[in-house]
Amino acid sequence: MTIYNSNQNNTLGSEPAPAEISKTEISIAKKDKDKNNSKLVKGILAGAVIGGLVTLFDRKTRNQVKDSAVNLKDSSVDVFTQVKENPGEVKNQMVSQFKSAADSLKDAINEAKKLYDRLNEDVMDNVNDVVQISNDTLSTAKDAQKDLASIGSKVKEAGSELTGGSETNRSASEKAPKTPTTHTSIPGSNVGKF
């Protein structure tokens, strides 16, 4: 941690206070920064030039670059000639091309939106169907559990009638066999055990 010293005689810190940095020190720092930046730009440009020259050693690459340059020159001359001869027509042609491209893009966006809506509706309908089927299945399982409990109590009753009074000291739960309990959960639902 550096403690700035506003008094030159005090030896609290080794650096002068920010207010005491001279303008020459600031300009020297800026020149060093500019030198580093200019070296970086020069290095990038030199690397690009060297890389471009190295790629031109290949005959195919040279021919492609030459053909591209000739085609670019020819097409730009044609465009300038058309603009020079009839600037209004070129403007109208460009405007109509942009409008056509915009219309095509709007159509594509509308089609994509329709597709999204249709898929979303179909998927949501299927999800709702699955939820309804799950709820129906759960309801059926709960009804079956109640029916099993009712059957179990009837079996207990029948057992107590068969054994008569000799087992009256046992509790009702000890007399009849236990009904099996089933723990089932339906994936994707908030239903726990029933």
Side-chain angles (χ1 to χ4, degrees), residues 1-2 4 15 18-19 21-142 183-194:
M1 179 170 137
T2 304
Y4 290 106
E15 296 181 20
I21 296 176
S22 68
K23 290 182 181 180
T24 55
E25 290 173 343
I26 292 172
S27 65
I28 290 171
K30 283 184 181 178
K31 285 180 185 178
D32 288 342
K33 185 177 178 184
D34 290 342
K35 258 188 195 178
N36 290 338
N37 284 341
S38 68
K39 286 181 184 177
L40 175 67
V41 171
K42 287 178 186 175
I44 290 173
L45 291 175
V49 169
I50 291 170
L53 291 175
V54 169
T55 59
L56 291 178
F57 287 139
D58 182 37
R59 181 178 301 266
K60 277 179 147 180
T61 307
R62 276 197 313 267
N63 289 335
Q64 286 176 346
V65 169
K66 180 180 137 191
D67 291 343
S68 297
V70 169
N71 289 337
L72 180 64
K73 177 188 162 233
D74 291 343
S75 64
S76 62
V77 166
D78 289 343
V79 169
F80 286 127
T81 303
Q82 288 177 358
V83 168
K84 204 176 203 181
E85 290 174 359
N86 197 353
E89 183 180 324
V90 172
K91 178 190 140 205
N92 292 338
Q93 186 181 24
M94 290 181 78
V95 167
S96 69
Q97 286 176 344
F98 283 124
K99 284 182 181 179
S100 173
D103 290 341
S104 298
L105 186 59
K106 284 178 186 177
D107 289 343
I109 289 171
N110 286 335
E111 299 241 347
K113 187 176 185 283
K114 287 177 186 176
L115 176 65
Y116 171 77
D117 291 341
R118 191 183 82 218
L119 288 175
N120 194 24
E121 185 177 308
D122 290 346
V123 168
M124 288 308 294
D125 286 345
N126 288 339
V127 167
N128 290 336
D129 290 345
V130 168
V131 168
Q132 182 62 37
I133 290 169
S134 298
N135 288 337
D136 292 346
T137 305
L138 179 62
S139 174
T140 303
K142 285 183 179 180
H183 298 287
T184 306
S185 64
I186 298 171
S189 69
N190 293 332
V191 178
K193 299 175 183 177
F194 60 90

Interatomic distance, [X] atom [atom1] to [Y] atom [atom2] [nearest 0.5 angstrom]:
{"X": "Asn71", "Y": "Lys73", "atom1": "CG", "atom2": "NZ", "answer": "11.0 Å"}
{"X": "Ser100", "Y": "Leu105", "atom1": "OG", "atom2": "CG", "answer": "11.0 Å"}
{"X": "Ile133", "Y": "Asn126", "atom1": "CD1", "atom2": "CG", "answer": "9.5 Å"}
{"X": "Lys66", "Y": "Leu56", "atom1": "NZ", "atom2": "CG", "answer": "12.5 Å"}
{"X": "Asn135", "Y": "Gln132", "atom1": "CG", "atom2": "CD", "answer": "6.0 Å"}
{"X": "Lys114", "Y": "Leu119", "atom1": "NZ", "atom2": "CG", "answer": "14.0 Å"}

Should Ile44 and Leu40 count as side-chain neighbours, where that means a heavy-atom distance under 4.5 Å?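 Result yes, sub-4.5 Å side-chain heavy-atom pair found.
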
How about Arg118 and Leu115: do any of their side-chain heavy atoms sit closer than 4.5 Å?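 Yes, at least one pair of side-chain atoms sits under 4.5 Å.
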
If we ignore angles and hydrogens, is there a donor and acceptor under 3.5 Å between the side chains of Gln82 and Asn86?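 No pair is found: no donor N or O on one side chain lies under 3.5 Å from an acceptor on the other.
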
Take Val49 and Leu45 through the side-chain contact (heavy atoms from CB on, under 4.5 Å) test and state the conclusion after the steps. CA-CA 6 Å; Val49 169; Leu45 291 175; 5.5 Å; no

Do the charged groups of Asp117 and Lys113 touch, with an N to O distance under 4.0 Å?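 The answer is yes: the pair qualifies as a salt bridge.
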
